[in-house]
*Asks:* 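There's a structure below that I have some questions on.
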Amino acid sequence: MHDAPESKQPTPSPSAESTAGTAAQLEKARRDKFDRLVALGIDPWGKRFGDVMPIADVRARGEGIDKAADDGPTVRVAGRIMLLRSAGSLVFIDLHDRTGRLQLMLGKKQVGPEVWKVIDCLDLGDIVGVDGRLGWSKTGEMTVFVSHLEFLTKSLATPPDKYHGLVDPELRQRMRYLDLIHGEGVRDRFVARSRIVEAVRRVLAARGFLEVEGPTLQETAGGAAARPFATHHNALDMPLVLRIALELHLKRLLVGGMERVFELGRVYRNEGVSTRHNPEFTMLEAYEAYGDYGTMMDLTEAIIVEAAQVAGAPARFEWMGRPVDLTPPFRRAKYDDLIREVTGCDPTDPASVAAAAATAGVETAGRHPDVIKSDLFEATVEKTLDGPVFVIDYPASICPLTKRKAGQPNVAERFELYVAGMELANAYTELNDPDLQEELFRTQLAGMAAEESMARMDTDFIAALRHGMPPAGGLGIGIDRLVMFLTAAASIRDVILFPIHRPRA
RNA sequence: GCCCCGUUAGCUCAAUUGGUCAGAGCAUCUGACUCUUAAUCAGAGGGUUCCUGGUUCGAGUCCAGGACGGGGCACCA
């Protein structure tokens with residue numbers, strides 16, 4: 001075969017519906033190449049292409065090859081065409097796979113006229129596989145000198161700017177697949193998320209915890225103070241809500257003798273969207289019989305240290321402009337002590353707390369003293385916590401699922417872990433007294449709306465407690481926030497692959 | 001829910017006090033090139049300036065309303 005037909009390619013006439021530029025016209029150029037591939041007897045959607053080597057492995061081999069050598073090993077790689085430079089009858093391609101980037105060189109003489117016709121049909125974004133000799137170009141770039149090319153998939157849509165990629169945050173989130181291809185560090189961050197989740201499971205499994213799955217459709221959304229999403233089951237004709245926490249069903253399993261359980265799953269809260277909140281997010285909850293909030297602190301440290309390691313986060317770094325030191329043990333500070341330090345009031349004296357709250361602009365009229373104290377804490381102390389720091393021993397009345405400290409009925413054995421002013425984990429010694437639990441479910445704190453309280457009656461849960469739940473420690477970690485923290489992400493939308501959006505206009 | 005900001009070609013961005021300002025780069029098309037590196041060089045085409053209305057001789061630009069997004073606040077133990 002010679003190349004004569006190429007010179008007979010008709011020049012598009014200017015009179016034909018305007019030649020190029022709009023999205024439709026850009027796609028037409030690609031569809032024309034698609035048709036040419038079909039005419040050459042090639043399937044533009046490709047097929048199985050076996051024995052592909054990851055580019056990272058190929059690069060490692062290439063490092064050992066002499067720059068002047070022309071007898072390097074034959075390798076096979078596949079991936080997406082990210083850059084394409086044509087110098088007449090010599091074409092350079094930057095090929096990307098999940099492990100890295102590698103340059104290909106294709107010469108007209110070297111590949112022969114059959115393959116050359118295919119190369120003429122390549123666009124940015126196409127997916128190809130090649131065989132070739134691994135070596136170095138004259139300018140010192142590691143290169144596969146292609147001897148055979150297998151066309152694997154045509155890209156019909158125009159990719160984003162090859163240098164800037166996708167910048168518009170709306171497009172980046174709605175078209176996450178493009179963001180993953182073109183965004184700086186985007187894929188790395190989601191790989192880190194997977195590694196972190198693996199690490200969490202590994203730490204728990206090593207300690208004998210069983211992973212279980214509770215119901216996401218529930219009659220009563222308990223275990224947290226949040227508004228649920230409501231739905232309906234048609235066949236049973238019953239209202240249902242999506243879970244807002246994992247807690248109450250995992251504790252039923254403690255009653256059932258599953259002494260160490262955890263669940264890593266999605267929960268749903270019908271509330272505002274922000275850089276730290278998405279309506280659906282991933283929660284870890286773990287429960288350990290015969291433990292307490294102290295054992296949960298050890299477990300929390302173990303999980304976070306392991307997760308930081310696999311995420312490649314150093315022990316000391318800065319997040320959101322604040323210093324963080326992950327060297328265990330993490331600092332422990334009592335709730336009341338922090339309030340005293342930061343506000344100067346006497347945390348044991350409701351009048352003193354109320355005065356400090358008023359100064360901080362916190363609403364006090366007609367509200368329970370512990371609710372005022374809690375709001376004061378959030379308004380003043382929270383933002384000062386660089387962390388990581390375990391804030392321990394909370395006011396009992398705002399902790400309806402928590403065991404009270406022995407001899408101190410007003411103090412709950414609870415901690416929250418703060419980093420850079422953000423709550424990362426929450427744990428307590430679990431309340432296992434069914435009578436007290438029932439009473440707390442019935443008690444509504446003054447100044448707290450029913451939907452804001454986590455004290456929501458669950459009679460089936462009370463019935464379970466009556467059969468005896470062993471003393472236990474329980475832990476909850478917001479996985480999305482943990483990933484944000486360990487990958488230095490400023491927004492929760494950066495660590496959720498497909499965050500919520502309004503429908504496009 | 002409230003406040004501030006943004007939206008211009010497929011992508012990334014310009015456009016002076018309202019006046020040939022509908023512009024560039026990438027991408028696309030045509031041509032040249034067997035060692036390029038965001039390849040380069042020469043040429044060509046590509047627009048509902050988010051939508052609706054208003055002010056004006058004249059609106060990408062000013063005003064009102066709306067859509068979507070970003071940030072902040074509220075909400076979220």
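Every heavy atom of this structure was used, including side-chain atoms; hydrogens, water molecules and symmetry mates were not. Every chain is numbered from 1, with letters handed out A, B, ... down the list of sequences. Because the structure is predicted, anything quoted here is derived from the model rather than measured.
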*Asks:* Write down the partner of B:A64 under the Watson-Crick or G-U wobble criteria, each distance required to be under 3.5 Å.
*Replies:* B:U52

*Asks:* Tell me which nucleotide among B:C68, B:C35, B:C26 gets nearest to the side chain of A:Arg174.
*Replies:* B:C68

*Asks:* Mind checking the P distance from B:C63 to B:C5? Whole angstroms is fine.
*Replies:*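 Nearest-Å result for B:C63 against B:C5 at atom P: 11 Å.
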
*Asks:* From B:G69, B:U12, B:G10, pick the nucleotide closest to the side chain of A:Ala23?
*Replies:*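 It is B:G10.
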
*Asks:* Between A:Lys162 and B:A38, does any side-chain N or O lie under 4.0 Å from OP1 or OP2?
*Replies:*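 A:Lys162 to B:A38 OP1/OP2: no side-chain N or O under 4.0 Å.
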
*Asks:* Examine B:A67: is either OP1 or OP2 under 4.0 Å from a nitrogen or oxygen in the side chain of A:Arg502? Give yes or no.
*Replies:* no

*Asks:* Just by distance, with hydrogens left out, do A:Tyr394 and A:Lys334 show a side-chain donor and acceptor under 3.5 Å apart?
*Replies:*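 No - no donor-acceptor pair under 3.5 Å links their side chains.
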
*Asks:* Write down the partner of B:G18 under the Watson-Crick or G-U wobble criteria, each distance required to be under 3.5 Å.
*Replies:* none

*Asks:* What integer number of Å spans the P atoms of B:A22 and B:C26?
*Replies:* 23 Å

*Asks:* Could you check which nucleotide pairs with B:G45 in any of the strands shown, counting Watson-Crick or G-U wobble with both distances under 3.5 Å?
*Replies:*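 B:G45 is unpaired by these criteria.
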
*Asks:* Nearest of B:U12, B:C35, B:U34 to any side-chain atom of A:Lys138?
*Replies:*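 Output: B:C35.
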
*Asks:* Strictly below 4.0 Å, N to O, side chains only: are A:Asp480 and A:Arg276 in salt-bridge contact?
*Replies:*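 Salt bridge absent between A:Asp480 and A:Arg276.
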
*Asks:* Please determine whether a side-chain nitrogen or oxygen atom of A:Ser89 lies at a distance below 4.0 Å from atom OP1 or OP2 of B:U34.
*Replies:* yes

*Asks:* Which nucleotide, B:A27, B:U34, B:U36, lies nearest any side-chain atom of A:Gln103?
*Replies:*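 Between B:A27, B:U34, B:U36, the one nearest the side chain of A:Gln103 would be B:U36.
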
*Asks:* Which listed nucleotide (B:C11, B:C35, B:A38) is nearest to the side chain of A:Phe92?
*Replies:* B:C35

*Asks:* Heavy atoms from C-beta onward define the side chain here; which of B:G71, B:C35, B:U34 lies closest to that of A:Arg493?
*Replies:*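 That would be B:G71.
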
*Asks:* What's the gap between B:U61 and B:U17 when it is taken at their C1' atoms, as a whole Å value?
*Replies:*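 Comparing C1' positions in B:U61 and B:U17 gives a spacing of 11 Å.
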
*Asks:* Between A:Arg85 and A:Gln103, does any side-chain donor sit less than 3.5 Å from a side-chain acceptor?
*Replies:*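 The answer is yes; a qualifying pair exists.
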
*Asks:* Do A:Tyr428 and A:Glu430 meet the criterion of a side-chain donor-acceptor pair at a distance under 3.5 Å?
*Replies:*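 Absent: no donor and acceptor within the cut-off.
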
